[in-house]
Amino acid sequence: MIRYALFTSSNRLLAFKSQLIIVRYLNQNLSSSLNPKPTRPFPDYSPKKLTIRDSDLVHRIATSIKQRRYESIPRVLIPFQSIFNPSIHLIGVLIEIRHDFSRVCDFFDWVKEPTLEGLCIVVHICVSSRHPKNAHQLVLEYLRKCRSLRSFVEQLVYTYKEWGLNPLVFDIVFQVLVEIGVLDEARKLFHKMLNYGVVISVDSCNFYLSRLAANTSDGVTMVINTISEFKELGVCWNTRSHNIVIHSLCTLKKVKEAENVLSEMELKGCSPDVVSYSTLIEGYCRVGELQRALELIEQMGLKGIKPNLFTYSSIILHLCKQNKVVDAERVFREMMSHDIIPDKIVYTNLIDGFCKLGNLSAAYRLFSEMQKQRLVPDVVIYTTLVCGLCRCGKMVEADKLLHQMLSEGLKPDEVTYTALIDGYGKADETKKAFSLHNRMLQIGLTPNIVTYTALADGLCKKGEVETANELLHEMCGKGLELNICTYNSLINGLCKAGNIEQAVKLMEDMELAGLHSDTITYTTVMDAYCKSREMARAHELLREMLDKGLQPTIVTYNVLMNGFCTLGMLEDGKRLLSWMLDKGVMPNTTTYNSLMKQLSSEHNMKATTEIYRGMCSQGVMPDSNTYNILIKGHSKARNMKEACYFHSEMVEKGFNLRATSYSAFIKGLFKKKKFIEARKLFEEMRQEDLVADKDVYDLFLDLNYKEGNMEVTLELCDEVIEKCLVVENLETHDEKNIASNI
DNA sequence: TTAGGGTTAG
């Protein structure tokens with residue numbers, strides 16, 4: 001009883017201390033509040049009175065805990081196990097041991113069913129003992145179980161004056177509410193605490209803002225409204241708060257508005273920092289305005305803010321996405337020269353960039369460089385490489401890499417398996433793709449819509465559209481929804497199987513399912529119409545697509561160009577090229593190749609060369625197809641000087657001739673009596689396992705026969721019988737196809 | 001609790 005009398009008399013002192021702290025807190029936090037409302041005081045705390053017997057038991061427990069410090073609580077409290085009642089004894093014990101934080105925690109752990117008041121007291125003890133993480137954990141565990149928030153806050157307020165006096169405790173509860181996603185409750189708590197004169201800290205409010213931005217449909221508006229409302233109530237927003245606004249505006253692609261926020265920050269007393277700039281730079285990169293992003297880096301320099309790894313990473317990533325990987329690596333080296341240490345992520349960006357360009361050797365070079373920097377490859381980096389190998393059709397190597405991952409203890413995930421499944425599907429190895437799908441299920445990975453799309457696409461490319469359809473039907477039964485890629489894959493499958501009508505029907509079904517045809521859908525069907533000589537229908541679709549506000553891509557233009565060219569409508573093709581150049585739509589190698597292919601097949605090498613020159617003047621690099629077209633065309637026109645020139649250039653660049661180009665080239669050289677060069681090429685193509693056409697064999701048979709090389713002649717005879725009949729058939733088939741398109 | 005990475009379709 002004496003102890004409780006002392007407790008009551010000390011209450012006045014504590015109340016006084018409490019008022020002082022609150023006033024200090026208000027001065028700090030309500031400085032910007034225009035009309036601070038009168039606040040209500042925290043209630044007085046008075047614990048339940050105990051009987052002499054209970055009070056004695058409490059004292060004995062507390063004494064045991066304090067005196068047997070080096071023994072565990074469960075051991076110390078064995079004698080009290082059956083008589084301890086949390087609703088009677090818990091608070092009393094806590095009062096006695098309150099200054100020994102670790103014993104409070106151990107004791108509280110021991111208590112099986114603590115009262116809410118007891119929990120709140122321990123939370124206060126954690127905070128006042130400077131162990132906010134423990135407090136956070138306790139609050140989180142309690143609130144996650146969806147118990148009554150109202151009673152919890154009531155108890156926390158009730159116990160505050162005696163046990164806490166540290167407003168951080170309300171910050172912690174606010175943070176937990178945000179963390180578990182009950183943002184409305186967090187807002188209510190903010191207002192409730194305001195009545196007591198406690199303003200939730202700006203850091204916690206920032207946490208709230210970031211979740212508000214991410215979790216609500218109109219995040220930015222909510223964030224902006226909250227900023228202005230809370231500012232009136234006393235929250236002094238800081239740089240981090242503005243960064244959240246910049247980030248949410250950038251997510252909505254409202255980069256100009258985001259930049260305005262950055263410009264106005266200083267007026268509000270918050271200087272933009274490296275995060276503000278990096279966020280905005282990332283925003284500009286995402287909308288494709290890399291130039292503005294680079295200007296902002298300069299602006300940072302003028303303000304004395306140094307770009308960091310994040311700033312550079314954005315630039316590097318987006319250069320990679322634009323296929324400017326060489327430039328990206330240049331920026332990467334520049335970054336390193338400023339002593340910024342690259343991490344796994346920036347290496348992944350570059351490795352992925354090189355993989356997507358098909359430059360696997362550069363990707364592996366960076367992979368090994370990264371490991372020399374003691375960065376340990378993770379699942380994402382391995383998956384990037386696996387995907388690069390799959391794209392190049394190197395399935396054996398991709399499989400090896402998968403096993404390397406496993407041997408290093410890494411667990412390939414859904415993305416890794418999906419990349420492999422897609423690779424096998426495209427390599428016409430659907431059986432392997434399906435066996436990988438089964439393995440995913442065995443090891444507990446859940447195939448997702450991307451996995452099924454890859455499987456379906458593999459089937460479609462084999463012409464098995466019906467099987468793909470059944471598979472997707474089965475997938476829908478599992479609750480997965482088809483997306484635009486899945487539909488496009490099926491539409492493409494139908495088109496390639498010559499069933500355009502059904503493809504168009506599927507486009508309509510897709511609309512009914514709430515998915516809208518995109519540029520890829522239209523381009524796919526337009527390509528099918530072009531290939532079936534229905535240019536008018538292709539044009540209709542283009543019109544429809546433009547009417548819907550869909551922007552054609554270079555692939556759309558290339559589909560049209562290919563349509564015009566293969567149908568011999570060269571004037572239309574040329575007009576399309578001029579139109580593209582006038583409108584600033586940059587043609588690519590494929591665009592020029594289509595025109596050159598048709599012109600050269602019409603033996604018009606003068607016009608082919610003109611197009612080639614136009615291509616070079618636009619800075620568009622020739623590829624393997626370009627060289628094959630030029631060499632084949634010039635050879636047929638007997639322009640062997642030009643053919644030889646392009647051949648040496650293509651060899652230098654590491655490109656290879658195709659069988660038909662080899663044959664044409666060899667025949668041209670033969671006509672010019674360049675037998676040594678012709679023979680060298682003939683040997684080269686045989687070594688590459690490419691089959692020359694029958695005319696070429698005839699030429700070498702004659703040559704060797706005349707030279708008396710009977711052994712070689714006989715060998716060639718066998719070879720021509722074995723290979724050429726088949727090849728001739730293939731060639732004839734190929735020529736027929738071309739003819740049918742004209 | 002503010003900034004960056006890998007998988008599907010033409």
Side-chain angles (χ1 to χ4, degrees), chain A residues 175 178-179 201-211 213-214 238-248 250 273-283 285-286 307-318 320 343-353 355-356 378-388 390-391 412-423 425-426 447-458 460-461 482-493 495-496 518-528 552-556 558-559:
Chain A
Q175 286 167 16
V178 176
E179 190 178 334
S201 76
V202 66
D203 283 342
S204 302
C205 290
N206 280 338
F207 181 30
Y208 173 72
L209 285 190
S210 66
R211 286 295 169 98
N238 59 17
T239 299
R240 197 182 271 206
S241 331
H242 288 84
N243 290 349
I244 295 168
V245 180
I246 292 174
H247 181 236
S248 35
C250 286
D273 62 4
V274 65
V275 179
S276 329
Y277 273 100
S278 299
T279 311
L280 185 59
I281 285 168
E282 169 64 16
C285 285
R286 274 183 194 227
N308 65 12
L309 181 61
F310 285 87
T311 330
Y312 279 106
S313 287
S314 283
I315 303 286
I316 291 166
L317 171 69
H318 292 283
C320 287
D343 65 359
K344 275 181 208 176
I345 297 182
V346 73
Y347 269 109
T348 314
N349 289 337
L350 281 167
I351 291 172
D352 186 48
C355 280
K356 288 200 168 105
D378 58 13
V379 174
V380 177
I381 300 193
Y382 268 110
T383 305
T384 306
L385 276 170
V386 164
C387 189
C390 290
R391 271 204 200 100
D413 61 11
E414 289 85 352
V415 181
T416 326
Y417 277 101
T418 303
L420 281 157
I421 286 171
D422 186 54
K426 288 191 169 48
N448 56 27
I449 181 65
V450 184
T451 321
Y452 282 105
T453 305
L455 280 169
D457 191 59
C460 284
K461 295 229 157 58
L482 303 188
N483 65 20
I484 185 78
C485 295
T486 331
Y487 273 104
N488 284 344
S489 208
L490 277 176
I491 288 169
N492 186 42
C495 286
K496 296 290 181 295
D518 65 3
T519 308
I520 296 185
T521 328
Y522 279 103
T523 307
T524 307
V525 184
M526 276 168 65
D527 187 40
T553 66
I554 185 64
V555 185
T556 321
N558 286 347
V559 157

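Convention: sequence-line order gives letters A, B, ...; per-chain numbering from 1.
For B:dG5, the OP1/OP2 oxygens have no side-chain nitrogen or oxygen of A:Asn349 closer than 4.0 Å. A:Lys461 has no side-chain polar atom (N or O) that falls below the 4.0 Å cut-off from OP1 or OP2 of B:dT8. For A:Lys426 and B:dT7, the shortest distance from a side-chain N or O to OP1 or OP2 is not below 4.0 Å.
Across all strands shown, A:Asp203 has heavy atoms under 4.0 Å from base atoms, whether or not it also approaches the sugar-phosphate. Using a 4.0 Å heavy-atom distance criterion, A:Ile381 is classed as a base contact. Across all strands shown, A:Leu309 has heavy atoms under 4.0 Å from base atoms, whether or not it also approaches the sugar-phosphate. Within the nucleic acid shown, A:Ser276 has no heavy atom closer than 4.0 Å to any nucleic acid atom. When heavy atoms are screened at a 4.0 angstrom cut-off, A:Thr519 is found touching base atoms of the nucleic acid. Nucleic acid contact class of A:Asn308 (heavy atoms, under 4.0 Å, all strands): base. Residue contacts for A:Thr383: at a heavy-atom cut-off of 4.0 Å it reaches a base atom on one of the strands shown. Within 4.0 Å of A:Glu179, counting heavy atoms only, lies no atom of the nucleic acid at all.
For A:Asp378 against B:dG5, a side-chain-to-base donor-acceptor contact under 3.5 Å is present. The base of B:dA9 is not paired with the side chain of A:Asn483 by any donor and acceptor separated by under 3.5 Å. Below the 3.5 angstrom threshold, one finds no donor paired with an acceptor across the side chain of A:Thr524 and the base of B:dG10. The base of B:dT8 lies close enough to the side chain of A:Thr453 for a donor and an acceptor atom to sit less than 3.5 Å apart. With hydrogens and angles left out, the side chain of A:Thr553 and the base of B:dG10 share a donor-acceptor pair within 3.5 Å. If you check distances only, the side chain of A:Asp343 never reaches the base of B:dG5 with a donor-acceptor pair under 3.5 Å. For B:dG4, its base sits under 3.5 Å from the side chain of A:Ser313 at one donor and acceptor pair at least.
For the pair A:Phe310 and B:dG4, the ring geometry does not qualify as stacking, because the centroid separation below 5.5 Å and plane angle under 30° are not jointly satisfied.
A donor and an acceptor atom, one from each side chain of A:Asn492 and A:Asp527, are nowhere located under 3.5 Å apart. A donor and an acceptor atom, one from each side chain of A:Asp273 and A:Asn243, are located under 3.5 Å apart.
Within a heavy-atom distance below 4.0 Å of DNA chain B, the residues of residues 240-247 of chain A found are A:Arg240, A:Asn243, A:Ile244, A:His247.
Here the nucleotide nearest the side chain of A:Val275, chosen from B:dT2, B:dG5, B:dA9, is B:dT2.
Remark: A:Asn448 pairs with A:Thr451 by the side-chain hydrogen bond (donor to acceptor under 3.5 Å, both in side chains) rule, at least two apart or across chains.
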